[in-house]
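Heads up: numbering here begins at 1 and tracks the sequence.
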Amino acid sequence: MYTFDHDLFLALNFDGGKVMDTMMEIVSGTLMWIPLYIFILLWALRKYGWRSALAYLVCLVLAIGLADMLCGIFKHTGLLKDVWESFPVRHRPMFDSAVRDLAHVPSYAHGPYGTVSAHAATVVALAWVSGLMIRHKWYDWFIAVVVLLICYSRIYLACHFPMDILLGSIVGTITGVGMYYLWRKLDTLIADHSRC
């Protein structure tokens, strides 16, 4: 497996102390972001009505779910774990013999493999689906900060190398943009049906 991103990982991963460890664990979790999910759905509901908002919710869940499942192919986990059995897995930094003794690892409570980052894929998918729907500069800046924060938290926690994050971002872009355009088609069908 490639090692060209080890030095960048070691430059970004450091011991920030207990407070930063806790902050990064929270950022990397789900609970903190529930208000964001609610905001996105309320925006869709207010702007497009309940039928279109329901279709949007389905596409949003599909974007995030597909991103997560596709990442599982490369880590041999989840529903699609057997799709590409010959793919060589890459250990998380915390389990990689080349860097684990140099890395700051707040917790080992993670699976052994890190490529491709499902956190990066799902948050990037969310960013695309919501950003293309909301279409405001302030939101673009906000969601970009959220993406960077969550992706960096994965490096800080020694869960992923930078390349894992990049590959996850590519997966998230594909599923996010794809599901946004699926929602647009559904929204057009809903609008046409409402006029009948």
Would the distance check show the side chain of [X] and the main-chain N or O of [Y] forming a donor-acceptor pair, the cut-off being under 3.5 Å?
X    : Y    : result
H160 : I155 : no
W33  : V27  : yes
H76  : F87  : yes
R90  : Y2   : yes
R154 : I165 : no
W183 : L60  : no
Y56  : Y180 : no

Could you measure the distance from the [atom1] atom of [X] to the [atom2] atom of [Y]? Nearest 0.5 Å is fine.
X    : Y    : atom1 : atom2 : result
L157 : M94  : CG    : CE    : 7.0 Å
L182 : T175 : CG    : OG1   : 12.0 Å
H119 : I150 : NE2   : CD1   : 7.5 Å
K47  : S52  : NZ    : OG    : 10.5 Å
L36  : L41  : CG    : CG    : 9.5 Å
F142 : S130 : CZ    : OG    : 9.5 Å

Option passing side chain to side chain contact (heavy atoms under 4.5 Å, CB included) with F74 (candidates V116, V89, V83, L167):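 It is V116; the other options fail the test.
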Output field: ring centroids W128/Y181 closer than 6.0 Å: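 No, ring centres 6.0 Å or more apart.
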Close side-chain approach of [X] to [Y], heavy-atom, < 4.5 Å:
X    : Y    : result
S107 : E25  : yes
L126 : V147 : no
M23  : K18  : no

L79 atom CG: more than 12 heavy-atom contacts under 6.0 Å: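 Open.
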Electrostatic pair D164-K75, nearest N-O below 4.0 angstrom: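 Salt bridge between D164 and K75, a charged N being under 4.0 Å from a carboxylate O: no.
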Residues D5, F9; criterion side chain to side chain contact (heavy atoms under 4.5 Å, CB included); working and verdict: CA-CA 6 Å; D5 58 350; F9 165 77; 5.9 Å; no
Common cluster, V145/Y37, ILVMFWY with side-chain heavy-atom separation under 4.5 Å: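 In one cluster with V145: Y37, no.
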Common cluster, L149/V124, ILVMFWY with side-chain heavy-atom separation under 4.5 Å: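 Linked within one cluster.
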Parallel, tilted or perpendicular, as decided by the 30° and 60° cut-offs, for the rings of [Y] and [X]:
X    : Y    : value
H104 : Y156 : perpendicular
F161 : H6   : parallel
F39  : W138 : perpendicular

Donor-acceptor pair between T77 and Y113 side chains, under 3.5 angstrom: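 Their side chains do not contain a donor-acceptor pair, so the 3.5 Å distance test is not met.
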T122 side chain to D68 side chain, donor-acceptor N/O pair below 3.5 angstrom: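 No, no side-chain donor-acceptor pair sits under 3.5 Å.
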Derivation of the side chain to side chain contact (heavy atoms under 4.5 Å, CB included) call for I40 and M133: CA-CA 9 Å; I40 292 166; M133 187 262 293; 4.1 Å; yes
Ring pair (Phe, Tyr, Trp, His ring centres under 6.0 Å) assessment of W43 paired with H136: CA-CA 12 Å; W43 185 285; H136 279 277; 5.4 Å; yes
Closest approach of M179 to V129 (non-hydrogen atoms, all atoms of both residues):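 Shortest heavy-atom contact: CB-CG2, 4.5 Å.
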Derivation of the side chain to side chain contact (heavy atoms under 4.5 Å, CB included) call for D96 and T3: CA-CA 10 Å; D96 188 304; T3 61; over 6 Å; no
Verdict with supporting geometry, W50 and L45, side chain to side chain contact (heavy atoms under 4.5 Å, CB included): CA-CA 5 Å; W50 74 268; L45 186 62; 3.7 Å; yes
